[in-house]
Amino acid sequence: MACTSPDFKRWTKIPRNSTYQLAVVGPAAAFAKFDNAATSSIDTWMDVAPGPHMEPLGSKGVHSVFVFLEVVAGGAPVEVRATVTTPQGKVHQAVFCHTVAGGPPTQDVVQHDLEVL
Amino acid sequence: MSRQTAVACVVFGVLLSPARPAFAQTPCKLSETVSECTLRVRSELRGAAVEAGTTAADVAKKTETGLTDLANGLSSSMKDFLPLLQLAGVIGPSSFDEKTGVVSVSLNKPSGSGDVQLRALIGTRPAAFNPLRSVITTEQADALDKAIAATKNQTDVKFEVAYNIVGDRVGRDYRRFQPMLNRLFAASTSESADRVIVESRPLRSALNDLLAESPTIDFNTTKLSGVASGQRREAISDAVIALQTQLYELTRAWDQAAVHSGASLFGQLINNQPQLHFTAGYSRRDEWLGPDGTWHVKVTWEMPRSGKNLNAFVDYAMTLGCDPVVAPDACAERFRDFVTRYRRSIESGTRVAVSLAVDGRPNDYQPTLPDGTTPFGLRKGTDLTFAADLGGVIGVNDSGKADGRWDVSAQYQRRGPVKFPVDDEEDPVNRFLLSATLTKKVGDVSIPFGIVFANHSEYLTKAAGADYPISVHVGLKFNMFPLK
């Protein structure tokens, strides 16, 4: 699969109780912040690298996920992969895969908006 | 106050903020969806930053020495144990060497206590064993070449297995330290990350509210030309630009926090961990291609000369009262202190490696040439080689690029008597080699200058070693087909 997504994506019309899955694969320091639109709380996910982190999307609203990462070393590129899976087990809209170039350490912030019905 | 007016207030509040960058963004186009407009504005903001002469560090966000550069510059003996984080996956790359015709197939097998790499080197262009070829006449060599070419399915295979010991204090398996790194990183930059979320929330909500008021607008598929109200189109455009401009500023601030955290040096600390590496090989070859059933075992120990690695950080933090293994969050400040204080030593990449290798020939080797003669023989026996390598980079600038590197290597080899048939007067060979190489980078070109000393001139190349046991070489190395 080509890993050419830009650093922003919004999933629209996500059925309630779908699952969002996020993984940062490669030599990077990473964590993610989840801005829950229903509660206005911010959760920190420490398990996205190597992941995957699974998050049930149980409440309506446009939630945001910000992935903060730094490629620390190594020459290998890092991939940020995310999918939304419906309660029926189908992948909702396109799979997200964003590449951060390897080599010199690089910072990146990836934003996902999750528009849950 | 209507919702649209409230949204406009939020947007204008941000647009008029003094913190806003001076990059005027093109409004969303009628041919764009909100998603396309968002991505374009994000892209333009970065491009504007480049044009505005933002420093390379801000744009490319390069902060430290790239380990790729470092690894490429290592002497060949050190390339044997490049860090495991270079591994692409379980199945390693298969490669074909155009020059030698050797196909390499590798398999990387991560396991609990270490990592195993298996490799098969398959010769596809059989050629006569060099020492044999060097003692026969030209006519014999021609006949041998023809005979080899005429023989199908010749065996020339070398199997190799390599094993790295991986533990808390030894080995360079990046995955093992990932949780520690994630926590150190988050502890240093989480506050700044929270600002990205909290301060962008009003604008994100404003844009979401605008879109919610028009349920027919799909963020990813509806072109703005499909939005009936011009006023609404303008409001959406303003909201997108204001939000992305603000996010750009906030994430730049986070970038600075990330750079300040020193996390970028974590990979180098792992790279500097001591490494104990075992390799073993076994060869099967047909008669004219070389001795059959030979084996090779090598043990290598490598570590940074400065000792500034992850072990050193853990010890440093423990001395100051925090345990990065158990509670890395509490050690973020200690980590920052450590990498700031020892940055040059960490980046220098000066390594020391010692190795011991044993090569064995379990059987006598005396091939019969096509003319029926046996002009060459090699007795069964074992060779012992001890090597010490020291290497490092020079002239590392603030952006982490090195001007070159240096390598010094000493090698001692003891080889038993090899003449066949047995000559009782033949003594074992004690071969000592000392080499030093300085590689200077000029742009994309590397110029290596090396000097080699041997205890006997015949241990050097024929051309250089006839009279003096010293050879000097100067080279030129560049990549004709660089990756774009």
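Values reported hereafter were calculated over all heavy atoms of this structure, with side chains retained and with hydrogens, waters and symmetry mates removed. By convention in this document, chain letters (A, B, ...) are assigned in the order of the sequence lines, proteins followed by strands, and residues within each chain are numbered from 1. Please read all numbers here as calculations on a predicted model, not as lab measurements.
The shortest distance between side-chain heavy atoms of Arg175(B) and Pro27(A) does not fall below 4.5 Å. Using a 4.5 Å heavy-atom threshold, the side chains of Asp194(B) and Phe66(A) count as separate. Side chains of Ile197(B) and Phe34(A) form no contact here, defined as non-hydrogen atoms less than 4.5 Å apart. No side-chain heavy atom of Phe266(B) sits under 4.5 Å from any side-chain heavy atom of Glu70(A). Arg204(B) has its side chain within reach of Gln111(A): a pair of non-hydrogen atoms, C-beta onward, lies under 4.5 Å apart.
In terms of non-hydrogen atom pairs under 4.5 Å with chain A, the most contact-rich of Asp218(B), Leu184(B), Val34(B), Thr189(B) is Asp218(B). Chosen from Thr44(A), Val24(A), Asp47(A), Ile42(A), the residue pairing most often with chain B at heavy-atom distances under 4.5 Å is Ile42(A). In terms of heavy-atom pairs under 4.5 Å with chain A, the best-connected choice from Ala186(B), Pro179(B), Ser200(B) is Ala186(B). Ranked by heavy-atom pairs under 4.5 Å with chain A, the first of Asn182(B), Leu181(B), Asn208(B), Thr38(B) is Asn182(B). Each of Val48(A), Asp113(A), Leu69(A) has some count of heavy-atom pairs under 4.5 Å with chain B, and the biggest count is that of Leu69(A). Of all the listed residues (Asn220(B), Thr221(B), Val198(B)), the one sharing the greatest number of non-hydrogen pairs under 4.5 Å with chain A is Asn220(B). Per-residue counts of heavy-atom pairs under 4.5 Å with chain A were compared for Ser190(B), Ser261(B), Ala258(B), Ser35(B); the largest is that of Ser190(B).
For the atom pair CZ (Arg201(B)) and OG (Ser64(A)), the distance works out to 9.0 Å, reported to the nearest 0.5 Å. For the atom pair Glu115(A) CD and Leu211(B) CG, the distance stands at 7.5 Å (nearest 0.5 Å).
With a 4.5 angstrom heavy-atom cutoff, Asp7(A) touches chain B via backbone and side-chain atoms both.
Not counting sequence neighbours, the partners of Asp329(B) by the salt bridge (charged side-chain N to carboxylate O under 4.0 Å, His left out) test are Arg183(B).
The two residues Ala30(A) and Phe185(B) make their nearest non-hydrogen contact at N-CD2, 4.0 Å. In this structure, Ala28(A) and Gln178(B) approach most closely via the heavy-atom pair O-NE2, 2.6 Å.
Using a 30° and 60° split on the angle between ring planes, Phe219(B) and Phe8(A) fall in the tilted class, from 30° to 60°.
Heavy atoms of other residues, nucleotides or ligands lying less than 6.0 angstrom from CD of Glu191(B) number 12 at most. The local environment of CZ in Arg40(B) is crowded, with over 12 non-hydrogen atoms from other residues, nucleotides or ligands closer than 6.0 Å.
Of all residues in residues 9-18 of chain A, those placing a non-hydrogen atom less than 4.5 angstrom from a non-hydrogen atom of chain B are Arg10(A), Thr12(A), Lys13(A).
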